[in-house]
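By convention here, the first residue in the shown sequence is residue 1.
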Amino acid sequence: MTGLVVLGVVLVAALVTGLAMRARTGRVRVTEPAAAPNDARRTLLTEVGVPGTGPTVLHFSADWCGPCAAVRRVVAQTLTGLDSRLASDAPRPVDLELDIDENPVLARELGVLSLPTTFVFDRDGQQRYRVSGVPSAPELESALVGLCEPEGSHPGETR
């Protein structure tokens, strides 16, 4: 009888853990910018093109990663749709895809534990958002809109 109770508890715990993990997958989560990012991280990001001229969507992928193709499509569609909505003087977001097998040091520095993982950096190279799994296009677009404001403007201000 004790064995059945233990089995029941383990199954319930596994179900709760699985549901919690599933709820987080694909969600664009805000990350607090580091007060003082370390020099190693800053150097690694600069070497791959972050920061650039505007916000950067950096996603790690691999040839063997099936969902990574979906991330590629979502990011491309989001950036294309966003381009038509932005003011002519707004910085355009940059799409940067890195193979995790070719960039293990940066992946480790950013804490990438699974694929696909996507980061959104502002124009200064500060990490602002993180997504584990395939991002939702509306959430990704919402995250990018505020970062694409022309320098000197305030997000949400009417022109």
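- Clustering ILVMFWY residues whenever any of their side-chain heavy atoms sit less than 4.5 angstrom apart, transitively, puts Val74 in the very cluster that holds Tyr129.
- Using a 4.5 Å cut-off between side-chain heavy atoms of Ile, Leu, Val, Met, Phe, Trp and Tyr, with links allowed through other members, Val50 and Ile100 fall into the same hydrophobic cluster.
- Taken from CG in Asp122 to SG in Cys148, the straight-line distance is 11.0 Å, to the nearest 0.5 Å.
- For Ser142 (side chain) and Pro138 (main-chain N/O), no donor-acceptor pair under 3.5 Å exists by modelled atom type.
- In the hydrophobic cluster analysis, where Ile, Leu, Val, Met, Phe, Trp and Tyr join through side-chain heavy atoms closer than 4.5 angstrom, Leu96 is grouped apart from Val120.
- Here the CZ atom belonging to Phe119 is positioned 8.0 Å from the CG atom belonging to Leu106, to the nearest 0.5 angstrom.
- Hydrophobic clustering keeps Leu115 apart from Val131 (ILVMFWY residues linked when any side-chain heavy atoms are closer than 4.5 Å, directly or through intermediates).
- Side chains of Pro116 and Cys68 form a contact here, defined as non-hydrogen atoms less than 4.5 Å apart.
- Between Leu147 and Pro93, the closest side-chain pair of non-hydrogen atoms is not below 4.5 Å.
- Put simply, the side chain of Arg41 does not reach to within 4.5 Å of the side chain of Leu44, judged on heavy atoms.
- Note that CG of Leu82 is 8.0 Å distant from CZ of Arg92, once rounded to the nearest 0.5 Å.
- A distance of 12.5 Å separates OG1 of Thr78 from CG of Asp83, quoted to the nearest 0.5 Å.
- Residues Pro51 and Thr46 have side chains in contact (heavy-atom distance under 4.5 Å, counting atoms from C-beta outward).
- Here the side chains of Glu109 and Asn38 are in contact, with some heavy-atom distance below 4.5 Å.
- For the pair Pro135/Val71, a side-chain contact is recorded, criterion being any heavy-atom separation below 4.5 Å from C-beta on.
- Looking at Thr31, its side chain does come within 3.5 Å of a backbone N or O of Gln127 through a donor-acceptor pair.
- The two atoms that bring Leu144 and Pro55 nearest to each other are CD2-CB, 4.3 Å, heavy atoms only.
- Under a 3.5 Å cut-off, the side chain of Asp124 and the backbone N or O of Gln126 do not form any donor-acceptor pair.
- Using a 4.5 Å cut-off between side-chain heavy atoms of Ile, Leu, Val, Met, Phe, Trp and Tyr, with links allowed through other members, Trp64 and Leu98 fall into the same hydrophobic cluster.
- The hydrophobic cluster containing Val10, built from Ile/Leu/Val/Met/Phe/Trp/Tyr side-chain heavy atoms closer than 4.5 Å, also comprises Val6.
- In this structure, the separation between CG on Leu110 and CG on Leu58 is 7.0 Å, given to the nearest 0.5 Å.
- The stretch residues 94-105 participates, sequence neighbours left out, in these salt bridge (charged side-chain N to carboxylate O under 4.0 Å, His left out) pairs: Arg72-Glu97.
- Of the possible donor and acceptor atoms, none in the side chain of Thr117 sits under 3.5 Å from a partner among the backbone N and O of Ser132.
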